[in-house]
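Note sheet for the following structure.
By convention here, the first residue in the shown sequence is residue 1.
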Amino acid sequence: EQRYFGPTRLRDALTFSRNVVTVKIAEKLGVKYLTSYIPRFGIHSHLAHNLSLALGTSEVTLEELTRAYGVFANGGNFFEPLYITKITDNFGRPIHEFTLTKKPVLAPEDAYLMTSMLQSVVERGTGKAVRALGRPVAGKTGTSNDFQDAWFVGYTPEMLVGVWVGYDEKRSLGEKETGGRVAAPIWLDFMQKALGETP
(Lines give C-alpha, C1' and ligand atoms only; values in the text may rest on other atoms or scores of the structure.)
Protein backbone atom coordinates (compact mmCIF):
# COMPACT_ATOMS: atom_id res chain seq x y z
CA GLU A 1 0.00 0.00 0.00
CA GLN A 2 3.10 2.20 -0.16
CA ARG A 3 2.77 3.39 3.42
CA TYR A 4 4.26 2.49 6.77
CA PHE A 5 1.86 1.07 9.37
CA GLY A 6 4.32 0.99 12.26
CA PRO A 7 4.46 -1.89 14.76
CA THR A 8 1.85 -4.46 13.73
CA ARG A 9 0.48 -7.44 15.63
CA LEU A 10 0.56 -10.79 13.82
CA ARG A 11 -3.26 -10.91 14.04
CA ASP A 12 -3.55 -7.65 12.09
CA ALA A 13 -0.86 -8.70 9.62
CA LEU A 14 -2.78 -11.89 8.76
CA THR A 15 -6.13 -10.12 8.79
CA PHE A 16 -5.11 -7.49 6.26
CA SER A 17 -2.36 -9.43 4.41
CA ARG A 18 0.43 -7.11 5.55
CA ASN A 19 3.18 -9.48 4.52
CA VAL A 20 6.19 -7.52 5.83
CA VAL A 21 5.36 -8.93 9.27
CA THR A 22 5.41 -12.49 7.93
CA VAL A 23 8.82 -11.91 6.33
CA LYS A 24 10.19 -10.55 9.62
CA ILE A 25 8.93 -13.62 11.49
CA ALA A 26 10.50 -15.91 8.88
CA GLU A 27 13.76 -14.01 9.26
CA LYS A 28 13.71 -14.49 13.04
CA LEU A 29 12.89 -18.20 12.78
CA GLY A 30 15.36 -18.81 9.96
CA VAL A 31 14.69 -20.22 6.51
CA LYS A 32 16.47 -23.49 7.30
CA TYR A 33 14.21 -24.10 10.29
CA LEU A 34 11.06 -23.23 8.32
CA THR A 35 11.85 -25.47 5.34
CA SER A 36 12.52 -28.39 7.68
CA TYR A 37 9.33 -27.76 9.73
CA ILE A 38 6.76 -27.09 6.98
CA PRO A 39 6.63 -30.71 5.67
CA ARG A 40 5.03 -31.72 8.99
CA PHE A 41 1.93 -29.90 7.72
CA GLY A 42 1.73 -32.13 4.63
CA ILE A 43 3.50 -29.77 2.22
CA HIS A 44 6.07 -31.71 0.20
CA SER A 45 6.50 -29.48 -2.86
CA HIS A 46 9.88 -27.82 -3.37
CA LEU A 47 10.21 -24.78 -1.10
CA ALA A 48 12.33 -21.72 -1.85
CA HIS A 49 15.26 -21.42 0.56
CA ASN A 50 14.97 -17.66 0.99
CA LEU A 51 12.72 -15.17 2.78
CA SER A 52 10.29 -15.01 -0.14
CA LEU A 53 9.01 -18.31 1.26
CA ALA A 54 7.06 -16.21 3.78
CA LEU A 55 5.26 -14.50 0.91
CA GLY A 56 4.09 -17.78 -0.60
CA THR A 57 6.43 -17.69 -3.60
CA SER A 58 6.88 -21.47 -3.52
CA GLU A 59 4.21 -23.23 -5.51
CA VAL A 60 2.22 -25.84 -3.62
CA THR A 61 -0.86 -27.77 -4.61
CA LEU A 62 -4.30 -26.84 -3.33
CA GLU A 63 -4.42 -30.22 -1.62
CA GLU A 64 -1.17 -29.50 0.26
CA LEU A 65 -2.34 -26.05 1.29
CA THR A 66 -5.70 -27.34 2.48
CA ARG A 67 -4.04 -30.20 4.41
CA ALA A 68 -1.78 -27.66 6.13
CA TYR A 69 -4.74 -25.57 7.29
CA GLY A 70 -6.30 -28.81 8.51
CA VAL A 71 -3.69 -28.84 11.28
CA PHE A 72 -5.16 -25.62 12.70
CA ALA A 73 -8.72 -26.90 12.22
CA ASN A 74 -7.92 -30.18 14.03
CA GLY A 75 -6.40 -28.78 17.19
CA GLY A 76 -2.79 -29.13 16.04
CA ASN A 77 -3.10 -32.65 14.60
CA PHE A 78 -2.24 -33.63 11.05
CA PHE A 79 -4.44 -36.19 9.32
CA GLU A 80 -3.41 -37.75 6.01
CA PRO A 81 -6.49 -37.47 3.77
CA LEU A 82 -8.43 -40.65 3.03
CA TYR A 83 -9.75 -41.07 -0.49
CA ILE A 84 -11.30 -44.48 0.15
CA THR A 85 -12.86 -44.95 3.56
CA LYS A 86 -14.33 -48.41 3.10
CA ILE A 87 -14.39 -51.34 0.66
CA THR A 88 -17.54 -53.47 0.68
CA ASP A 89 -18.68 -56.62 -1.05
CA ASN A 90 -21.70 -56.68 -3.40
CA PHE A 91 -24.00 -57.03 -0.36
CA GLY A 92 -22.62 -53.89 1.28
CA ARG A 93 -20.69 -55.81 3.96
CA PRO A 94 -17.36 -54.17 4.82
CA ILE A 95 -14.30 -56.03 3.55
CA HIS A 96 -11.84 -53.40 4.71
CA GLU A 97 -12.20 -50.06 6.49
CA PHE A 98 -9.51 -47.40 6.53
CA THR A 99 -9.01 -45.16 9.53
CA LEU A 100 -7.41 -41.77 9.82
CA THR A 101 -4.00 -41.64 11.42
CA LYS A 102 -3.37 -38.66 13.65
CA LYS A 103 0.02 -37.02 14.00
CA PRO A 104 0.49 -34.11 16.45
CA VAL A 105 2.21 -31.16 14.75
CA LEU A 106 1.36 -28.15 16.93
CA ALA A 107 0.38 -27.67 20.54
CA PRO A 108 -3.42 -27.40 20.80
CA GLU A 109 -2.97 -23.91 22.28
CA ASP A 110 -1.06 -22.77 19.17
CA ALA A 111 -3.68 -24.25 16.85
CA TYR A 112 -6.36 -22.41 18.85
CA LEU A 113 -4.50 -19.10 18.51
CA MET A 114 -4.04 -19.62 14.77
CA THR A 115 -7.75 -20.37 14.38
CA SER A 116 -8.58 -17.25 16.37
CA MET A 117 -6.34 -15.12 14.14
CA LEU A 118 -7.78 -16.72 11.00
CA GLN A 119 -11.27 -15.88 12.28
CA SER A 120 -10.17 -12.22 12.29
CA VAL A 121 -9.39 -12.54 8.57
CA VAL A 122 -13.05 -13.40 8.01
CA GLU A 123 -14.55 -11.03 10.57
CA ARG A 124 -12.76 -7.84 9.46
CA GLY A 125 -10.12 -8.58 6.86
CA THR A 126 -9.49 -9.88 3.36
CA GLY A 127 -11.88 -12.83 3.83
CA LYS A 128 -14.94 -10.89 4.96
CA ALA A 129 -16.86 -12.00 1.85
CA VAL A 130 -17.52 -15.33 3.61
CA ARG A 131 -19.11 -13.77 6.72
CA ALA A 132 -22.41 -14.29 4.92
CA LEU A 133 -22.19 -17.98 5.87
CA GLY A 134 -23.47 -16.94 9.30
CA ARG A 135 -21.28 -19.43 11.16
CA PRO A 136 -17.91 -19.36 12.87
CA VAL A 137 -15.37 -19.39 10.02
CA ALA A 138 -11.58 -19.24 10.06
CA GLY A 139 -9.70 -18.78 6.81
CA LYS A 140 -7.10 -17.03 4.71
CA THR A 141 -7.04 -15.46 1.29
CA GLY A 142 -4.06 -15.53 -1.01
CA THR A 143 -3.09 -13.85 -4.26
CA SER A 144 0.09 -14.44 -6.26
CA ASN A 145 2.14 -11.89 -8.19
CA ASP A 146 0.36 -10.19 -11.07
CA PHE A 147 -2.95 -11.75 -9.93
CA GLN A 148 -2.04 -15.11 -11.53
CA ASP A 149 -3.48 -17.24 -8.73
CA ALA A 150 -6.12 -16.58 -6.12
CA TRP A 151 -7.14 -18.88 -3.31
CA PHE A 152 -9.15 -19.14 -0.13
CA VAL A 153 -8.85 -21.89 2.45
CA GLY A 154 -11.43 -21.80 5.20
CA TYR A 155 -13.06 -23.97 7.80
CA THR A 156 -15.99 -24.17 10.12
CA PRO A 157 -16.16 -26.59 13.07
CA GLU A 158 -17.64 -29.14 10.61
CA MET A 159 -15.76 -28.76 7.34
CA LEU A 160 -12.48 -27.58 5.78
CA VAL A 161 -12.44 -26.50 2.11
CA GLY A 162 -9.85 -24.93 -0.18
CA VAL A 163 -10.59 -23.06 -3.42
CA TRP A 164 -8.03 -22.07 -6.06
CA VAL A 165 -8.72 -19.91 -9.11
CA GLY A 166 -6.22 -19.58 -11.95
CA TYR A 167 -5.17 -20.74 -15.40
CA ASP A 168 -3.13 -23.78 -16.41
CA GLU A 169 -0.45 -21.47 -17.79
CA LYS A 170 1.10 -18.42 -16.13
CA ARG A 171 -1.43 -15.74 -16.95
CA SER A 172 -3.13 -12.99 -14.97
CA LEU A 173 -6.73 -13.33 -13.82
CA GLY A 174 -7.02 -9.58 -14.22
CA GLU A 175 -6.34 -6.47 -12.18
CA LYS A 176 -7.50 -6.75 -8.53
CA GLU A 177 -8.72 -10.35 -8.95
CA THR A 178 -7.62 -11.36 -5.46
CA GLY A 179 -8.39 -14.38 -3.30
CA GLY A 180 -10.97 -12.39 -1.36
CA ARG A 181 -12.66 -11.27 -4.54
CA VAL A 182 -12.71 -14.42 -6.72
CA ALA A 183 -11.95 -17.49 -4.56
CA ALA A 184 -13.80 -16.61 -1.34
CA PRO A 185 -17.22 -16.22 -3.07
CA ILE A 186 -16.82 -19.70 -4.61
CA TRP A 187 -15.97 -21.08 -1.16
CA LEU A 188 -19.04 -19.37 0.29
CA ASP A 189 -21.36 -20.72 -2.40
CA PHE A 190 -20.06 -24.27 -1.91
CA MET A 191 -20.26 -24.12 1.89
CA GLN A 192 -23.82 -22.75 1.86
CA LYS A 193 -24.89 -25.78 -0.15
CA ALA A 194 -22.68 -28.31 1.68
CA LEU A 195 -23.76 -27.27 5.18
CA GLY A 196 -27.35 -26.48 4.24
CA GLU A 197 -29.65 -26.16 7.23
CA THR A 198 -27.48 -28.10 9.64
CA PRO A 199 -27.11 -26.33 13.00
Run the ring pair (Phe, Tyr, Trp, His ring centres under 6.0 Å) test against [X] and tell me which residues pass, sequence neighbours left out.
X      : answer
Trp151 : none
His46  : none
Tyr37  : Tyr33, Phe41

Shortest non-hydrogen contact from [X] to [Y]?
X      : Y      : value
Ala132 : Gln192 : O-NE2, 4.1 Å
Leu53  : Thr57  : N-OG1, 3.8 Å
Lys86  : Phe98  : N-CD1, 4.2 Å
Leu62  : Val163 : CD1-N, 3.9 Å
Ser58  : Ala48  : OG-N, 2.6 Å
Gly166 : Leu173 : CA-CD2, 3.8 Å

Using only atom types and a distance under 3.5 Å, with no angle test, would you say the side chain of [X] pairs donor to acceptor with the backbone of [Y]?
X      : Y      : result
Glu64  : His44  : yes
Asp89  : Gly92  : yes
Thr143 : Ala150 : no
Asn50  : Ser52  : yes
Arg40  : Val105 : no

Is there a path of hydrophobic side-chain contacts, each under 4.5 Å between heavy atoms, that joins [X] and [Y]?
X     : Y      : value
Ile38 : Leu29  : yes
Leu55 : Trp164 : no
Ile25 : Val20  : no
Phe79 : Leu65  : no
Val60 : Val165 : no

Kindly indicate whether the side chain of [X], heavy atoms from C-beta on, has any atom under 4.5 Å from the side chain of [Y].
X      : Y      : answer
Glu59  : Ser45  : no
Leu160 : Asn74  : no
Val161 : Thr66  : no
Phe72  : Tyr155 : yes
Val153 : Trp187 : no
Leu195 : Glu158 : yes
Glu97  : Thr85  : no
Phe190 : Leu188 : no

- Task: Using the side-chain contact (heavy atoms from CB on, under 4.5 Å) rule, take Leu51 and Val31 through it: C-alpha gap first, then chi angles, then the decisive distance, then the call.
- Result: CA-CA 7 Å; Leu51 289 176; Val31 173; 3.8 Å; yes

- Starting from the C-alpha separation in whole Å, work towards a yes-or-no answer on side-chain hydrogen bond (donor to acceptor under 3.5 Å, both in side chains) for Ser120 and Arg11. CA-CA 7 Å; Ser120 293; Arg11 178 179 299 274; 2.8 Å; yes

- Does any donor atom in the side chain of Tyr167 or Ser172 lie under 3.5 Å from an acceptor atom in the other side chain? no

- Donor + acceptor pair across side chains of Thr88, Arg93 (<3.5 Å): no

- List the steps, then state whether side-chain contact (heavy atoms from CB on, under 4.5 Å) holds for Lys193 with Asp189. CA-CA 7 Å; Lys193 291 177 176 68; Asp189 185 58; 2.8 Å; yes

- Item | Residue pair Leu14, Lys140: steps toward the side-chain contact (heavy atoms from CB on, under 4.5 Å) verdict | CA-CA 8 Å; Leu14 288 174; Lys140 185 72 182 87; 4.2 Å; yes

- Message: Is it true that, when you exclude Ile84 itself, more than 12 heavy atoms of the residues, nucleotides or ligands shown sit nearer than 6.0 Å to its CD1?
- Response: no

- Within 6.0 Å of CD in Glu169, more than 12 heavy atoms from elsewhere: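 It does: Glu169 CD has more than 12 such atoms within range.
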
Quick one: [atom1] on [X] to [atom2] on [Y], what's the gap to the nearest 0.5 Å?
X      : Y      : atom1 : atom2 : result
Leu118 : Glu123 : CG    : CD    : 11.0 Å
Lys24  : Thr8   : NZ    : OG1   : 8.0 Å
Thr61  : Ile43  : OG1   : CD1   : 8.0 Å
Thr15  : Lys128 : OG1   : NZ    : 11.0 Å
His49  : Leu34  : NE2   : CG    : 10.5 Å
Leu47  : Ser36  : CG    : OG    : 10.5 Å

- Item | side-chain contact (heavy atoms from CB on, under 4.5 Å) against Leu113, all qualifying residues, sequence neighbours excluded |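 So Leu113 forms no side-chain contact (heavy atoms from CB on, under 4.5 Å) with any residue.
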
- Message: My understanding is that only residues two or more places apart in sequence, or in another chain, count here; which of them pass side-chain contact (heavy atoms from CB on, under 4.5 Å) with Pro81?
- Response: Glu63, Arg67, Tyr83

Show every donor-acceptor pair shorter than 3.5 Å between a side-chain atom in residues 175-184 and any protein atom, with sequence neighbours excluded, or say none if there are none.
unit_1: Glu177; atom_1: OE2; unit_2: Arg181; atom_2: NE; d: 3.2
unit_1: Thr178; atom_1: OG1; unit_2: Arg181; atom_2: N; d: 3.3

- How far apart are the C-alpha atoms of Asp12 and Arg124, what are their side-chain angles, what is the distance that settles it, and do they pass the salt bridge (charged side-chain N to carboxylate O under 4.0 Å, His left out) test? CA-CA 10 Å; Asp12 290 334; Arg124 57 190 184 89; 2.8 Å; yes

- Task: Carefully, step by step, assess Thr198 and Arg135 under the rule side-chain contact (heavy atoms from CB on, under 4.5 Å).
- Result: CA-CA 11 Å; Thr198 60; Arg135 296 171 182 255; 3.2 Å; yes

